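For reference, the structure is listed below as structure tokens.
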Amino acid sequence: MPDVPWWRSAVVYQIYPRSFADSDGNGIGDLRGILGRLDHLTRLGVDVVWLSPIYPSPQDDAGYDISDYEAVDPTFGTLADLDELIAALHERGMRLVLDLVVNHTSDEHPWFLESRSDPYGPWRDWYWWRPPRPGMEPGQPGAEPTNWQSFFSGSAWELDPASGEYFLHLFSRRQPDLNWENPKVREAVYAMMRRWLDRGIDGFRMDVINMISKAVSPVDGTLPDGPVLAGSPYGDGSAAFIGGPRIHEFVQEMHREVFAGRDAALLTVGEMPGVTVDQARLFTDPARGELDMVFQFEHVSLDQGGGKWDPRPFRLRDLKTSFGRWQAGLADVGWNSLYWNNHDQPRIVSRWGDDGAYRERSATMLATVLHCHRGTPYVYQGEELGMTNMPFSSIADFRDIESLNHYAVAVSRGEDPEHVLAAMRMMSRDNARTPVQWDASPHAGFTTGTPWIDVNPNHVEINAAAQVDDPGSVFSHYRRLITLRHDEPAVAHGDFTMLLPDHETVYAFTRRLPDDPRGDVELLVLGNFSGDDVRVDIDEGWAGSELVLGNYPDAAADVATLRPWEARVHRLVRPRP
Ligand code: TEU
């Protein structure tokens, strides 16, 4: 379709380098490991690789704490390795998107070392430094400048004893937030981004980019407290930093300073916890010169009660309500991203599928339903193999700072450790971070050394070697699904209509391209989110329609019958009157 951005029919594959493939036996994945597995990506048919951070980092938050934005951490390799990866992907017709983590840096970044070292120096205002709450002494409980809780438990403020002042960190205490109110900070970030684009990368995934603008008082520079959180001494400061007062100004400035004139060839996606449909319309409206798409979090919170460590049963109707609103909300302007998994979410087949008897069926059903929505799909490493959550046995098995901090705080508050572990087994980010399962050998072909986090024992059954040549595998279904998006314009561009919104176990919708050269093209997408046979009330006009994709080897009795975890895509091409 002319004049439509390339990424509307593209599929993105996310690589979490620590856990993808290790080439030097140190138990941690690296760039040469990725270079050695490019055939896997070519066979899958993906168009873009999103690489989670590979920059120098003390790895306090697994690389999302960066101490040098313009180099490669020796653990992952060298700049030459990265240049080779950029070239190799381009030769294979794929693009590379890097992770941009500029809401915060590592506390080992020279900017922060300078900032902390001199309270009156030119770097101080590169971060958020504040004195203790009026009338209180540094270090006194409650003396933090605001009552904000960090996303990784505890206060969002850390005291610097040398200066007696606190610095802000929305995430770990080793991830101080940059002060985007300071134009020098913004200029330095834009220059860094331009240098990466000049090096040949094809865009950025922007970490918590909707948190860079804080609601600071123009009068006295103070930041407001938030409502106190139940069972916590802290408050929720998100109203003061999620979608802050200057966020669109900053994102538009970034677009002008970095992407203007070269954005057509690039992909930009902003990770935006808490973003709403209306805000996403503004961020992704091409006329506003901001971003191509955003990652929203509404669906990945549907099975959470009072936060991620309070898992609740998933209800399909809630998902349909949420996705239906995002599809409708970005139908006429903007664009959606589509994801079940990433390095922060547990494995979807274990979460909303069935990772036992129906692992392959439910994995392929979930993929079909997601990929046939209007938006750009993201495949997280291992998802294409139907990898599952990890049977963590004890706290010693976990590595993720968010999980470990939560466990420490919950147990210190008297919660039953086994109860806390049970929630972590379901929701911890470490479920996504176990090594990719390449084969059935001892460490799943990930490393010849000792993996930094244990390999899932089910790799003997679930692995790439067993799937890439098997037409009935999860991998082969993903390949067909990606081919369908490339070959059938209705998948990328068709109008979306939700069907059966109240059905408890079936997800059904259509995609329609009424003006296609072939005629009035319509797809019917069906997904059974249960292990039972289901009959659905579908328009008889679909009887006899063409089955373009299904996750069972044989055809169903009829279009209205769905077998356990079945997914099907039917096509009708009606001649135009
Ligand atoms: O994640 C932001 C974010 O929203 C997550 O921390 C989320 O709240 C949590 O993981 C859900 O359990 C981004 C990165 O994707 C994440 O890996 C980083 O830890 C975080 O920012 C800080 O950089």
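All values reported here derive from a predicted model rather than from experimental measurement. In each ligand, atom 1 is the first atom listed, and ligand 1 is the first ligand listed. Note that the numbering runs from 1 along the sequence shown for the chain.
- Interface of V208 with ligand 1, defined as ligand atoms under 4.0 Å from a residue heavy atom, comprises 2 (C), 21 (O).
- Below 4.0 Å from some heavy atom of F152 lie the following atoms of ligand 1, by number and element: 19 (O).
- For R315, the CZ atom sits in a loose shell: 12 or fewer heavy atoms of surrounding residues, nucleotides or ligands are nearer than 6.0 Å.
- Here M206 has no heavy atoms under 4.0 Å from ligand 1, in either its backbone or its side chain.
- The protein heavy atom nearest to atom 9 (C) of ligand 1 is E402 OE2, 3.4 Å.
- The aromatic rings of H104 and F171 sit tilted relative to each other, their planes meeting at an angle between 30° and 60°.
- Of all the atoms in ligand 1, the ones that sit under 4.0 Å from a non-hydrogen atom of H343 are 14 (C), 15 (O), 16 (C), 17 (O).
- Taking the six-membered ring for Trp and thresholds of 30 and 60 degrees, W157 and W148 have ring planes inclined between 30 and 60 degrees apart.
- Protein heavy atom nearest atom 4 (O) of ligand 1, with residue, atom name and distance: P273 CG, 3.3 Å.
- Under the 30°/60° scheme for interplanar angles, the aromatic rings of W309 and H406 are found to lie parallel.
- Between the side chain of R425 and the main chain of S393, a donor-acceptor pair closer than 3.5 Å is present.
- Atom numbering of ligand 1 starts at 1 in the shown order; those under 4.0 Å from a heavy atom of F297 are 4 (O).
- Between H169 and S155, the shortest heavy-atom distance links the atoms CE1-O, 3.1 Å.
- Within ligand 1, the atoms closer than 4.0 Å to a non-hydrogen atom of K308 are 11 (C), 12 (O), numbered from 1 in the order shown.
- H373 and Y507 have perpendicular rings, their planes meeting at more than 60° on a 0 to 90° scale where under 30° would count as parallel.
- Residues F204 and W196 keep their aromatic ring centres 6.0 Å or farther apart.
- In terms of protein heavy-atom proximity, atom 23 (O) of ligand 1 is closest to D207 OD2, 2.7 Å.
- For atom 15 (O) of ligand 1, the closest non-hydrogen atom on the protein side is D344 OD2, 2.5 Å.
- In R205, the part holding a heavy atom less than 4.0 Å from any atom of ligand 1 is the side chain.
- Counting heavy atoms only, D61 comes closest to atom 22 (C) of ligand 1 of the residues N210, D61, D60.
- Using cut-offs of 30° and 60° for the angle between ring planes, the Y16 and W452 rings count as tilted.
- Between F151, F171, W309, it is F171 that holds the heavy atom closest to atom 20 (C) of ligand 1.
- Ion pairing between E158 and R116 fails under the 4.0 Å rule for side-chain N and carboxylate O.
- Ring centroids of Y339 and W326 are separated by 6.0 Å or more, keeping the two rings apart.
- With a 4.0 Å heavy-atom cut-off, ligand 1 is reached by no atom of M427.
- Polar contact with ligand 1: absent for Q345 (N/O pair, distance under 3.5 Å).
- Atoms of ligand 1 found under 4.0 Å from any heavy atom of R433 (numbered from 1 in listed order, with element): 17 (O).
- The shell of residues lying under 4.0 angstrom from ligand 1, judged by heavy atoms, excludes M211.
- Note on ring orientation: taking the six-membered ring where Trp is involved, the planes of F112 and W129 are parallel (angle under 30°, cut-offs 30° and 60°).
- Taking a cut-off of under 4.0 Å to the non-hydrogen atoms of H104, the atoms of ligand 1 that pass are 22 (C), 23 (O).
- Ranked by closest heavy atom to atom 1 (O) of ligand 1, the top entry among M272, E271, Q304, Q175 is E271.
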